[in-house]
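Take a look at the structure set out below.
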Amino acid sequence: MITNMPHMVSWSETSSYSLAHDCDMARISGFDDKCQEHWIMVEMGAGYRERRQEAIERLMESIEAGDPAGELK
């Protein structure tokens with residue numbers, strides 16, 4: 001049985017210094033099958049790899065749940 005469940009087709013990351021956070025931050029973006037962007041801001045630095053992996057998993061779960069595009073809090 002084939003279903004048209006939403007799913008994440010790709011993800012990307014960009015990083016820069018954030019004046020709002022006063023530190024280096026990465027924007028982790030996940031794109032759904034309708035090319036809509038869902039994203040999370042993640043602090044760079046020690047432990048970043050684990051935080052990035054958690055962010056990607058949260059994005060995937062949110063997209064699969066059918067949540068609207070935009071920033072996840």
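Since this is a predicted model, take the numbers as computed values, not measurements.
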Passes side-chain hydrogen bond (donor to acceptor under 3.5 Å, both in side chains), Tyr48 versus Glu13? Steps please. CA-CA 12 Å; Tyr48 172 68; Glu13 67 182 304; 2.4 Å; yes
Do Phe31 and Met60 sit in one hydrophobic cluster, given that two such residues count as connected whenever their side-chain heavy atoms are within less than 4.5 Å of each other, even indirectly?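 No: no chain of side-chain contacts under 4.5 Å links Phe31 to Met60.
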Tell me whether Trp11 shares a hydrophobic cluster with Trp39, the cluster being built from Ile, Leu, Val, Met, Phe, Trp, Tyr side chains joined at under 4.5 Å.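 Looking at the clustering, Trp39 is in a separate group from Trp11.
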In Å, rounded to the nearest 0.5 Å, how long is the span from [atom1] of [X] to [atom2] of [Y]?
X: Arg58; Y: Lys73; atom1: CZ; atom2: NZ; result: 11.0 Å
X: Glu61; Y: Leu72; atom1: CD; atom2: CG; result: 10.0 Å
X: Asp32; Y: Met8; atom1: CG; atom2: CE; result: 10.5 Å
X: Ser15; Y: Met41; atom1: OG; atom2: CE; result: 9.5 Å
X: Arg51; Y: Met44; atom1: CZ; atom2: CE; result: 9.0 Å

Without placing hydrogens or testing angles, list every side-chain donor-acceptor pair under 3.5 Å for residues 62-70, not counting sequence neighbours.
unit_1	atom_1	unit_2	atom_2	d
Ser62	OG	Asp67	OD2	2.9

Is it true that Glu50 and Arg52 make a salt bridge, defined as a side-chain N closer than 4.0 Å to a carboxylate O?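 Answer for the salt bridge query: no.
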Could you list the donor-acceptor pairs under 3.5 angstrom formed by side chains in residues 19-30, with sequence neighbours left out?
unit_1	atom_1	unit_2	atom_2	d
His21	ND1	Ser18	OG	2.8
Asp22	OD1	Tyr17	OH	2.2
Arg27	NE	Glu37	OE2	3.3
Arg27	NH2	Glu37	OE1	3.3
Arg27	NH2	Glu37	OE2	3.3
Ser29	OG	Glu37	OE2	2.5

